[in-house]
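Quick notes on the structure that follows.
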Amino acid sequence: MIHSFYYLERDFRRWIRGRINVISSLVMPAAWLIFVGLALPIRFTDNYLDFITPGILVLTMLGASLQGGSLLMFDKVLGFMPKFLAMPAPRESILYGKILFITMRGLIQSTVILVLAVILGAHLLDPLLLIWTYLVLFLFGVLLSSLMTTVALTLEDHDSYAAFNSIVSMPLFFTSSALMPYDQMPGWLAFIARLNPVSYAIDGIRELQTGVFPTDTFLGLAAGAAIVLAVSVYVFRRATV
């Protein structure tokens, strides 16, 4: 497992050097928080910023995870992958390092958005509940980043990956409970939203806001992350034989 942290450190160094990438990854979630959370006239709640903040936190993690698979794609295209595979470290440590980096990067971005939400007037959660919120985001990040690295392993080029990313990103967000509760949605949209894994994570954080521990959310995300990670490891082993 220690070898995975070396790959994690490599990706963090590369990410920090690209300052434009760091800033651009925060622009869209911050814009949603400011222009939607503060400006949209909503009647079903007195504080829409409190309602939308969990959705924006999960959106931030979603964006980080969906973009994360491109890191593995670039290592394949640029020829780094064969060099990594020739090293004595276990091959799976490459994959674990990538998934851990993608998830940790998403948590850092989510922290920035959370601080911005508090500055704008969102109510800060109890510190203990914040720890559980980060755990929900972590499990969701592992699930999505494992899925996207699997996609990156099965596609041949970056253009195909970018096309897949654009197909799934917005539908996942807009068919979730991020912007409105289920009882404010049309029936068909509420049905889809309840099946959306993004809604699963958002609803869990909202339950934590009310002081309720979402056991089902934790168990569901943990099981989903474990299954998708196992599939990703299997696909990685097949792709690097």
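The analysis underlying the following values was restricted to heavy atoms, covering all of them including side chains, and did not include hydrogens, waters or symmetry mates. The shown structure was predicted, so the numbers you read here are calculated from the model rather than taken from an experiment.
- Taking 4.5 Å as the limit, some side-chain heavy atom of F173 sits within range of a side-chain heavy atom of L179.
- If you check the side chains of T175 and N196, you find a donor sitting under 3.5 Å from an acceptor.
- The closest donor-acceptor contact from the side chain of Y200 to the backbone of F140 lies at 3.5 Å or more, if one exists at all.
- Between atom CG of residue L66 and atom CE of residue M61 there is a gap of 11.5 Å, rounded to the nearest 0.5 Å.
- Applying the side chain to side chain contact (heavy atoms under 4.5 Å, CB included) test between V115 and each of I119, V118, V112, I113 identifies I119 as the sole match.
- Contact between G121 and D50 at its shortest, heavy atoms only, is O-OD1, 4.5 Å.
- A donor-acceptor contact shorter than 3.5 Å links the side chain of S199 to the backbone of S177.
- Remark: S232 pairs with T149, T150 by the side-chain hydrogen bond (donor to acceptor under 3.5 Å, both in side chains) rule, at least two apart or across chains.
- The backbone N or O of P54 sits nowhere less than 3.5 Å from a side-chain atom of R206 that would complete a donor-acceptor pair.
- Between I102 and S145, the closest heavy-atom pair is CG2-CB, 3.6 Å.
- Of the inter-residue distances, the one linking I192 atom CD1 with W188 atom CH2 reads 5.5 Å to the nearest 0.5 angstrom.
- Among residue pairs with one or both ends in residues 134-144, those qualifying as side chain to side chain donor-acceptor pair (under 3.5 Å) are T111-Y134; sequence neighbours excluded.
- Partners of M180 under the side-chain contact (heavy atoms from CB on, under 4.5 Å) rule, at least two apart in sequence or in another chain, are F44, Q184, M185.
- Residue pairs meeting the salt bridge (charged side-chain N to carboxylate O under 4.0 Å, His left out) criterion with at least one member in residues 3-13, sequence neighbours excluded: E9-R13, R10-D75, D11-R14, D11-K98.
- Interatomic distance, OG of S146 versus CG of L95, reported as 7.0 Å (0.5 Å rounding).
- Among residue pairs with one or both ends in residues 160-171, those qualifying as side chain to side chain donor-acceptor pair (under 3.5 Å) are D157-S160; sequence neighbours excluded.
- Nearest heavy atom pair, residue I52 against residue A178, reads CG1-O, 3.9 Å.
- Between L144 and S65 the shortest heavy-atom distance is CB-CB, 3.4 Å.
- For F12, the side-chain contact (heavy atoms from CB on, under 4.5 Å) partners are L8, W15, F101, M104, I108, not counting sequence neighbours.
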